[in-house]
Peer 1: 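Please read through the structure below; I'll follow up with questions.
When a ligand or atom number is given, it counts from 1 through the structure's own listing order.
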Amino acid sequence: MTLDLAVLEAYHDLTGAAPEGIWRAPGRINLIGEHTDYNDGFVMPFALPQAAYLAAGRRDDGVIRIVSVDLGETFETSLHELRPNHDGWHAYLAGVFWALREAGHDVGGADLALASDVPIGAGLSSSAAIECVLVEALNDLHGLGIAPMARAKLARITENAYVGAPTGLMDQAASTLCTEGHALFLDCRSLQVQQVPLDLAAHGQAILVIDTLTRHSHAGGEYATRRADCEQAARLLGVAALRDVSVDELNRRLPELPDERLARRTRHVVTENQRVLSACAALRADDLPRLGQLMTASHASMRDDYEITEPSVDLAVETALANGALGARMTGGGFGGCVLALAPLDRVEAIATAVTTAFSESGRNVPATFVVLPAAGAGRLA
Ligand code: GLA
């Protein structure tokens, strides 16, 4: 059964009635620009065909009832009980009601049925998809008229202030603002966006996603540590954010930092910002070999300077490159999850096979591999 029908049926089982509508919000894959968003830098994600689907209808008693089709679980709370927490899958939805109300929007209770095929914990923004699909639904149902970037920011507030994960804006902006057939270039300081055409098939290329099945969690730990390192480095360098250091200044400025770790973190962010700008130019010039080189350089920087890769993603990248990919890199927060490889259409199958073999031979679980095309951002289904 398709997910739109699954949530329709689950909503009916929950309420005995039809929903007021069904909404969809996608996961994303980041083409390039990792750990740059919270440094006021640049990112270039695109929306995935995989998405969260939500059937929704308003209630006038302040009660929130949510059924998860995927988990077969129901959760119930009410508007006046909402307190920031990360006690489970429902926090990503309950937190949206909280964030909207904190921002002064008059939203009431609701019945909701949710299903998603965005892999969880794979670096493909499964949580942003859930937050963003509910922001869309409540914006439409209550006629709030919140502009797209402001909707993305509210979804991010849910993640940061309610769930408690100190993430940047990229995932929610991608889920909300991406358009089919394009990557989204986002300047995370000015919040200016550009829709950059990404028609790989026209150039005989494709993006293969390799899900290593190594899982991460961002709620604590390493993500927050990296963020703190960047803030400390920016303070010591006397800039508002690492965005304000240019590649040309890098060699002169790095010796000002007290230790090698902060220097490496800074080098990653500064060079990664430049790689996003170069990748955007390469795409606009149809120079896919150049895009591939930048992706591979991004991976090396995440591995050596930002130290957020791990052996499975490194193996996937190396194997893809050895078998004809133009470029390959880990995507998302790090410590596992997915690799994306830019490859000629006639090499995709061979790369998937080679990665599967390399994983089996090294005693790892067989990775999931699939080709993706840039899909549409969040919206209501007809
Ligand atoms: C996670 C966060 C994003 C971003 C990436 C790393 O996906 O949610 O805000 O920081 O990691 O680029």
Side-chain angles (χ1 to χ4, degrees), residues 25-48 50 52 86 91-92 95 118-132 149 152-178 183-189 191 209 211 214-231 241-243 265 268-273 275-276 279 294-295 298-299 301-303 305-310 313 329-340:
R28 63 98 190 95
I29 197 154
N30 190 18
L31 196 53
I32 196 159
E34 223 65 81
H35 288 264
T36 45
D37 60 353
Y38 54 80
N39 287 298
D40 276 5
F42 309 113
V43 294
M44 200 160 52
F46 63 86
L48 292 173
Q50 288 85 352
H86 55 269
Y92 297 95
V118 185
I120 293 172
L124 301 178
S125 296
S126 55
S127 55
I130 296 174
E131 294 149 5
C132 291
M149 189 59 84
K153 284 185 182 172
L154 285 163
R156 181 195 178 185
I157 289 171
T158 303
E159 180 103 21
N160 293 171
Y162 195 88
V163 182
T167 56
L169 182 63
M170 168 169 67
D171 304 349
Q172 293 80 9
S175 185
T176 304
L177 291 153
C178 280
L184 181 83
F185 173 86
L186 169 64
D187 177 335
C188 297
R189 173 171 279 167
L191 302 186
V209 180
D211 183 353
T214 315
R215 291 302 184 239
H216 69 258
S217 158
H218 287 157
E222 298 283 349
Y223 187 96
T225 322
R226 293 302 180 286
R227 209 181 154 141
D229 282 351
C230 292
E231 282 161 12
L242 290 183
R243 149 74 175 273
R265 305 297 186 250
H268 167 72
V269 173
V270 171
T271 58
E272 184 77 349
N273 273 330
R275 280 187 288 271
V276 181
L294 291 161
M295 289 168 63
S298 167
H299 187 80
S301 179
M302 290 191 285
R303 183 190 60 214
D305 280 344
Y306 221 60
E307 298 178 282
I308 53 168
T309 72
E310 52 75 61
V313 297
R329 62 183 291 277
M330 184 188 72
T331 189
F335 309 100
C338 288
V339 159
L340 71 163

Peer 1: N/O to N/O below 3.5 Å, does that happen between D37 and ligand 1?
Peer 2: yes
Peer 1: Does any N or O of ligand 1 fall below 3.5 Å from an N or O anywhere on G168, backbone included?
Peer 2: yes
Peer 1: For R265 and D305, indicate whether the former's side chain and the latter's backbone hold a donor-acceptor pair under 3.5 Å.
Peer 2: yes
Peer 1: T309: which residues meet the side-chain contact (heavy atoms from CB on, under 4.5 Å) condition with it, sequence neighbours left out?
Peer 2: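 T309 satisfies side-chain contact (heavy atoms from CB on, under 4.5 Å) with H299, M302, R303, V313, D314, M330 only.
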Peer 1: Which atoms of ligand 1 are found less than 4.0 Å from any heavy atom of M170?
Peer 2: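 So the atoms of ligand 1 that pass are 4 (C), 5 (C), 12 (O).
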Peer 1: Answer yes or no: are there more than 12 heavy-atom neighbours, outside I120 itself, under 6.0 Å from its atom CD1?
Peer 2: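 Counting other residues, nucleotides and ligands, CD1 of I120 stays at 12 neighbours or fewer.
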Peer 1: Do the non-hydrogen side-chain atoms of S298 and E272 ever get within less than 4.5 Å of each other?
Peer 2: yes
Peer 1: Suppose I only count heavy atoms of Y38 and a 4.0 Å limit; which atoms of ligand 1 are within that range?
Peer 2: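 Those atoms are 10 (O).
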Peer 1: For the atom pair CZ (R329) and CG (L340), what is the distance rounded to the nearest 0.5 Å?
Peer 2: 6.0 Å
Peer 1: For ligand 1, find out whether one of its N or O atoms is nearer than 3.5 Å to an N or O atom of T36.
Peer 2: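 In this structure, T36 places no N or O atom under 3.5 Å from an N or O of ligand 1.
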Peer 1: Keeping the roles fixed (side chain from N273, backbone from F42), state whether a donor-acceptor pair exists under 3.5 Å.
Peer 2: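 Yes; at least one donor-acceptor contact below 3.5 Å.
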Peer 1: Can you check whether S125 has an N/O within less than 3.5 Å of an N/O in ligand 1?
Peer 2: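 N/O-N/O distance below 3.5 Å does not exist for this pair.
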Peer 1: Could you say whether the N/O atoms of R28 and ligand 1 ever approach to under 3.5 Å?
Peer 2: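 By distance alone, the answer is yes.
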